[in-house]
There are 2 protein chains.
Amino acid sequence: MLKISRLTDYGLLASVYLARKQGQVVAAREIAGFYHLPVPMVTKVLKKLHQGGLINSHRGAGGGYSFDADVEAVTLGHLIAVLEGPWDLTECETTDDAGHAVCAIRIACPSRRFMFGINSAIKGAFEQVSLGDLTRGVLPKFYAGQSETSVEQMRGA
Amino acid sequence: MLKISRLTDYGLLASVYLARKQGQVVAAREIAGFYHLPVPMVTKVLKKLHQGGLINSHRGAGGGYSFDADVEAVTLGHLIAVLEGPWDLTECETTDDAGHAVCAIRIACPSRRFMFGINSAIKGAFEQVSLGDLTRGVLPKFYAGQSETSVEQMRGA
DNA sequence: GGCAAACAGTACCACCTTGGTCCGGTTTGT
DNA sequence: ACAAACCGGACCAAGGTGGTACTGTTTGCC
């Protein structure tokens, strides 16, 4: 029902934590402790981020994970893509194992074309927020005329 | 995982069907037959639409549902709000029965402020599409510079 | 060399939501 | 009176989600 999974949420928190300690090696335990989250959940999500190539892992004693890239080069869209996997608002374009469209009325469907547009809009919105924005807690250019203003202002609107 | 429920999807189809036969009374059976959907599912969703005040119901033999309003006055956002109920990308602002915030780290959370913005962006996108647009199958002003063009063109971009 | 810290991988389970069905009741046109 | 159609539930199976546990493997450090 149009919700991000909690795991993805944890992933964003972990990413921000790592980004704020850019270049440093941080153990999963530390992140879990900071946010009061179950350790296994945090390790699970960190694995995903690592497999997605967003963070580096360091095994062995004193190991952990580190974010070494440019915080501006990573977008919220990128993070969600890695954490949530490929997603779509609808099954309009989904195909089964045999490659056949899941939706039986696909051709005649009145909403399919729109869902594609809405999808793009959402992904576009995600793409406009960088990890740097997240760590700073400041809105990016994304909202026309409200560039670099605090989100608090927006909430009042 | 960021998907609208199938029930909501059915609701959109039913709305379009009714909007195309604006003012006419149509039985749930007819809509279900047209889209090859299970009748009880369609009735369920029509009930929701009726309770949400979007369509009128006519009981008794020869009864059914009718859409009598202006197709331009109803937005996709309105439809989804009725069909999906109140939703949010995250539980950032969700409160339990006692009115306490569900999220334990709400104040310090680095992504909360952004989720609010993204949420608004998505709801805004939904708000830009009218039921009339859906029935015509044409993109509205919503996409700057692509006003009133077929969505097919957009897909190629 | 051995211990412990920390990641890797995988299996497992309880719970909730979702999609779908069914049934008895009420309204109303013919 | 009868049947068509909505009304309002209860009900159930399946799948996804959140969370736990356990067994490796790597590596720093004494």
Side-chain angles (χ1 to χ4, degrees), chain A residues 1-11 13-14 18 24-33 35-52 54-67 83-91 94 96 102-104, chain B residues 1-11 13-14 18 24-33 35-52 54-67 83-91 94 96 102-104:
Chain A
M1 24 112 144
L2 273 173
K3 192 169 283 186
I4 306 189
S5 80
R6 204 180 290 193
L7 205 67
T8 298
D9 233 345
Y10 295 169
L13 294 177
L18 286 173
Q24 295 180 42
V25 175
V26 178
R29 182 177 304 274
E30 177 180 333
I31 301 177
Y35 291 119
H36 300 103
L37 301 176
V39 180
M41 288 286 101
V42 175
T43 67
K44 195 179 285 188
V45 89
L46 285 168
K47 274 179 231 172
K48 274 197 175 186
L49 289 170
H50 173 230
Q51 284 162 2
L54 288 170
I55 60 177
N56 292 115
S57 89
H58 307 264
R59 305 186 64 166
Y65 295 89
S66 63
F67 180 83
L83 292 166
E84 198 90 4
W87 57 273
D88 251 312
L89 225 45
T90 59
E91 292 176 340
T94 310
D96 60 18
V102 164
C103 175
Chain B
M1 25 109 143
L2 275 174
K3 192 170 283 186
I4 62 177
S5 79
R6 205 181 287 193
L7 203 68
T8 298
D9 234 344
Y10 295 168
L13 293 177
L18 286 173
Q24 296 179 43
V25 175
V26 179
R29 180 177 307 273
E30 178 180 333
I31 302 177
Y35 291 119
H36 301 102
L37 301 176
V39 180
M41 287 286 101
V42 175
T43 67
K44 196 179 285 190
V45 89
L46 286 168
K47 276 179 229 171
K48 273 197 177 188
L49 288 169
H50 174 231
Q51 285 162 2
L54 288 169
I55 60 177
N56 292 117
S57 88
H58 309 264
R59 306 187 63 165
Y65 294 90
S66 63
F67 180 83
L83 292 165
E84 198 89 4
W87 57 273
D88 252 313
L89 225 47
T90 57
E91 294 176 340
T94 310
D96 60 19
V102 163
C103 175

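Computed from heavy atoms alone, side chains included, the values below leave out hydrogens, waters and symmetry copies. Predicted, not measured: the structure shown is a model, and the values here were computed from it. Lettering of chains follows the sequences in order, A, B, ..., and the numbering in each one begins at 1.
Between A:Q51 and C:dG9 there is a side-chain polar atom (N or O) within less than 4.0 angstrom of OP1 or OP2. Considering only side-chain N and O atoms, A:Y65 lies under 4.0 angstrom from the phosphate OP1 or OP2 of C:dA8.
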At under 4.0 Å between heavy atoms, how does the protein contact nucleotides 24-30 of chain C? Give one character per nucleotide, 5' to 3', with B, S or -. -BBBBS-
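Atom CD in B:E91 sits about 12 Å away from atom C1' in C:dC16, given to the nearest Å. Between A:R6 atom CZ and C:dA14 atom C1' there is a gap of 14 Å when expressed in whole angstrom units. Counting to the nearest Å, the C1' atom of C:dA6 and the CG atom of A:N56 are 16 Å from each other. One interatomic measurement links the two molecules: CG of A:L49 to C1' of C:dA8, which rounds to 15 Å at whole-angstrom precision. Atoms CD (B:E84) and P (C:dT17) sit 13 Å apart, rounded to a whole Å. Residue A:R29 contributes atom CZ, which lies 12 Å from atom C1' of C:dC7 at whole-angstrom precision. In this structure, A:K48 places its NZ atom 15 Å from C1' of C:dT10, rounding to the nearest Å. Atoms CG (A:L2) and P (C:dT18) sit 10 Å apart, rounded to a whole Å.
Here chain B contacts DNA chain D (any atom closer than 4.0 Å to a heavy atom, that is under 4.0 Å), and the contacts span D:dA4 to D:dT17 from 5' to 3'.
Each of B:I4 and A:G64 lies near DNA chain C, and the nucleotide nearest A:G64 is the one positioned closer to the 5' end. Nearer to the 5' terminus of DNA chain C, by closest-nucleotide assignment, is the contact made by A:H58 (compared with the other of B:L7 and A:H58).
You'll find the side chain of A:E91 reaches within 4.5 Å of the side chain of B:R6, heavy atoms only. Side chains of B:K48 and B:L7 form a contact here, defined as non-hydrogen atoms less than 4.5 Å apart. Contact check for B:H50 versus B:S57: side-chain heavy atoms found under the 4.5 Å cut-off.
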Can you list the steps and then say if A:K44 with A:K47 is a side-chain contact (heavy atoms from CB on, under 4.5 Å)? CA-CA 5 Å; A:K44 195 179 285 188; A:K47 274 179 231 172; 5.7 Å; no
List the steps and the verdict of side-chain contact (heavy atoms from CB on, under 4.5 Å) for B:S66 and B:H58. CA-CA 8 Å; B:S66 63; B:H58 309 264; 2.8 Å; yes
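For B:A27, the side-chain contact (heavy atoms from CB on, under 4.5 Å) criterion is met by no residue, not counting sequence neighbours. Taking A:E84 as the reference, nothing meets the salt bridge (Lys or Arg N to Asp or Glu O under 4.0 Å) condition, with sequence neighbours excluded. Remark: B:D9 engages A:T90, A:S111, B:I4, B:L12 in a side-chain contact (heavy atoms from CB on, under 4.5 Å) (not counting sequence neighbours).
A donor-acceptor pair under 3.5 Å is absent between the side-chain atoms of A:K3 and the main chain of B:L89, judged by distance alone.
Within residues 35-47 of chain A, the residues approaching DNA chain D are A:P38, A:P40, A:M41, A:K44, by heavy-atom distance under 4.0 Å.
Going from atom CG of B:L49 over to atom CG of B:N56 covers 11.5 Å, rounded to the nearest 0.5 Å. B:L37 CG to B:I31 CD1: the interatomic distance, rounded to the nearest 0.5 Å, is 10.0 Å. Considering OH of B:Y65 and CG of B:L46, their distance stands at 5.5 Å, rounded to 0.5 Å.
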